[in-house]
Q: 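The structure follows.
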Amino acid sequence: MTTNTYITIKALKVFARHGVFPVERVVGNDFLVDAVLYYDSQKAMSEDDISCALNYAEAVSVINAAMEKPSRLLENVVGRIIADLTEKFPAITRGSVTVTKVTPPIPSQMAGISFTAEFSL
């Protein structure tokens, strides 16, 4: 029996208007979203049927929709993504979501600022 099966969405690039400063919610920024979503995939593995799997195309759509609503904090964005994914896909048992702001308004060179939340249901 296989255990700990999951899908991973890596570096989903999204333009959004999140940030503490009002200008960030006007100008916007590039964000990267990573998600690891655990679910029981035994039936999908044996039957080769998309209706038995966690449809990653739909998961990406859920993430994109959650990213459209401006927030001040990355923590709020991540919380919304988790809530929306787990509502849409009750088969999700646990996972993690990371949102990275690629170019934060900080006078330093960096690859971005991230917030990650791990969850289990």
Side-chain angles (χ1 to χ4, degrees):
M1 179 175 175
T2 305
T3 58
N4 292 323
T5 58
Y6 54 91
I7 65 166
T8 303
I9 299 168
K10 294 182 181 181
L12 173 64
K13 188 174 181 180
V14 181
F15 179 82
R17 301 179 189 281
H18 308 303
V20 171
F21 301 112
V23 69
E24 293 179 279
R25 292 188 301 279
V26 173
V27 175
N29 203 327
D30 287 326
F31 293 83
L32 298 175
V33 180
D34 297 289
V36 178
L37 307 171
Y38 286 79
Y39 72 104
D40 180 358
S41 66
Q42 294 300 308
K43 197 169 180 182
M45 290 169 61
S46 65
E47 296 187 17
D48 194 27
D49 182 350
I50 187 66
S51 69
C52 301
L54 199 155
N55 185 322
Y56 55 79
E58 289 181 14
V60 167
S61 292
V62 168
I63 293 168
N64 282 328
M67 290 293 290
E68 286 179 6
K69 182 180 176 190
S71 293
R72 289 185 297 276
L73 300 177
L74 293 179
E75 292 87 342
N76 182 261
V77 178
V78 169
R80 185 170 53 247
I81 291 170
I82 292 169
D84 292 353
L85 284 170
T86 56
E87 180 180 336
K88 172 76 176 176
F89 303 103
I92 294 173
T93 58
R94 65 185 171 111
S96 67
V97 174
T98 301
V99 174
T100 302
K101 183 182 289 192
V102 177
T103 53
I106 299 171
S108 296
Q109 281 196 308
M110 65 183 79
I113 297 289
S114 301
F115 177 78
T116 300
E118 296 178 353
F119 64 95
S120 60
L121 305 170

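These values consider heavy atoms only, across backbone and side chains, with no hydrogens, waters or symmetry-generated copies.
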Q: Could you state the interatomic distance from CD1 (Ile82) to CG (Leu37), rounded to the nearest 0.5 Å?
A: 9.5 Å
Q: For atom CD of Glu118, is the number of surrounding heavy atoms from other residues, nucleotides or ligands below 6.0 Å larger than 12?
A: no
Q: For a 4.5 angstrom cut-off between non-hydrogen side-chain atoms, does Ile63 reach Glu58?
A: no
Q: Apply the test side-chain contact (heavy atoms from CB on, under 4.5 Å) to residues Lys13 and Asp30: give CA-CA distance (whole Å), side-chain angles for both, the deciding distance (0.1 Å), then the verdict.
A: CA-CA 7 Å; Lys13 188 174 181 180; Asp30 287 326; 3.8 Å; yes
Q: Can you find a pair of side-chain heavy atoms, one from Val102 and one from Leu32, that are under 4.5 Å apart?
A: yes
Q: Please find the pair of heavy atoms, one from Gly19 and one from Lys101, that lie closest to each other, and give the distance.
A: CA-NZ, 3.6 Å
Q: Is any side-chain heavy atom of Val20 closer than 4.5 Å to a side-chain heavy atom of Leu73?
A: yes
Q: If you look at every heavy atom in Tyr39 and Ile7, which pair is closest and at what distance?
A: CE2-CG2, 3.9 Å
Q: Does some side-chain heavy atom of Leu12 sit less than 4.5 Å from a side-chain heavy atom of Asp34?
A: no
Q: Going from CG on Asp48 to NZ on Lys43, what distance comes out if it is rounded to the nearest 0.5 angstrom?
A: 13.5 Å
Q: Taking atom NZ of Lys69 and atom CG of Asp84, what is their separation to the nearest 0.5 Å?
A: 9.0 Å
Q: Among the clusters formed by ILVMFWY side chains lying less than 4.5 Å apart, do Tyr56 and Leu85 turn up in the same one?
A: yes
Q: What distance separates Ser71 OG from His18 NE2, expressed to the nearest 0.5 Å?
A: 5.5 Å
Q: Could you measure the distance from the OG1 atom of Thr86 to the CZ atom of Arg94? Nearest 0.5 Å is fine.
A: 15.0 Å
Q: Find out whether Val78 and Phe119 are in side-chain contact, i.e. whether some heavy atom of one side chain is under 4.5 Å from a heavy atom of the other.
A: no
Q: Using a cut-off of 6.0 Å, state whether more than 12 heavy atoms not belonging to Phe15 lie near its atom CZ.
A: yes
Q: May I ask you to test the Ile81-Val99 pair for a side-chain heavy-atom distance under 4.5 Å?
A: yes
Q: Considering only heavy atoms from C-beta outward, does the side chain of Ile92 approach that of Leu54 to under 4.5 Å?
A: yes
Q: Are Ile50 and Asn55 close enough, and set up right, to give a side-chain contact (heavy atoms from CB on, under 4.5 Å), and what steps lead you there?
A: CA-CA 7 Å; Ile50 187 66; Asn55 185 322; 3.9 Å; yes
Q: Would you say the side-chain atoms of Asn76 and Arg80 include a donor-acceptor pair closer than 3.5 Å?
A: yes
Q: Any side-chain heavy atom of Leu74 sitting closer than 4.5 Å to one from Phe31?
A: yes
Q: Shortest non-hydrogen contact from Arg17 to Gly28?
A: NH1-N, 3.8 Å
Q: If you look at every heavy atom in Asn29 and Pro104, which pair is closest and at what distance?
A: ND2-N, 4.1 Å
Q: Any chance you could measure Thr93, atom OG1, to Tyr38, atom OH, to the nearest 0.5 Å?
A: 8.5 Å
Q: Do Leu121 and Val62 share a hydrophobic cluster, counting only Ile, Leu, Val, Met, Phe, Trp and Tyr and linking them when any side-chain heavy atoms are less than 4.5 Å apart?
A: yes
Q: Taking only Lys NZ, Arg NE, NH1 and NH2, and the carboxylate oxygens of Asp or Glu, determine whether Arg72 and Glu24 approach each other closer than 4.0 Å.
A: no
Q: Group every Ile, Leu, Val, Met, Phe, Trp and Tyr by side-chain heavy-atom contacts under 4.5 Å, then state whether Val97 and Phe89 land in the same group.
A: yes
Q: Once side-chain hydrogen bond (donor to acceptor under 3.5 Å, both in side chains) is applied, do any residues pair with Ser108, and if so which ones, sequence neighbours excluded?
A: none
Q: Would the distance check show the side chain of Thr8 and the main-chain N or O of Val36 forming a donor-acceptor pair, the cut-off being under 3.5 Å?
A: no
Q: So which heavy atom on Arg25 is nearest to which on Pro70, and how close?
A: CD-CB, 4.3 Å
